[in-house]
Amino acid sequence: MREARSLGATDARSVKLLARPGMGWCQGRMCGYAVACLAGEDPAAPRRPIAQPIRLGDLAGLEHPLRKDDRDDP
């Protein structure tokens with residue numbers, strides 16, 4: 001990040017192009033906020049969360065397509 005800034009990067013996009021943060025599997029969902037802050041920008045709100053919590057009771061109540069007792073076949 002420091003080297004990218006010394007090369008003239010003035011915003012998160014140019015830092016990304018020079019130093020390649022946010023180019024991994026998560027596509028910046030983990031480091032995007034930090035990169036924007038370090039680049040001196042106002043970080044944007046995340047577009048969508050990576051995961052959302054779910055209660056175990058809700059998960060247990062889901063019908064499973066392979067469960068034999070849920071099928072109408074004898």
Self-check item: Heavy-atom closest pair, residues Arg5 and Val15
Solution: CD-CG2, 4.2 Å
Quiz item: Considering all heavy atoms of both residues, which atom of Met1 and which atom of Leu38 are nearest to each other, and what is their separation?
Solution: CE-CB, 3.5 Å
Quiz item: Considering residues, nucleotides and ligands other than Ile54, do more than 12 of their heavy atoms fall under 6.0 Å from its CD1?
Solution: yes
Review item, side-chain donor-acceptor pairs of residues 16-26, under 3.5 Å, at least two apart:
none

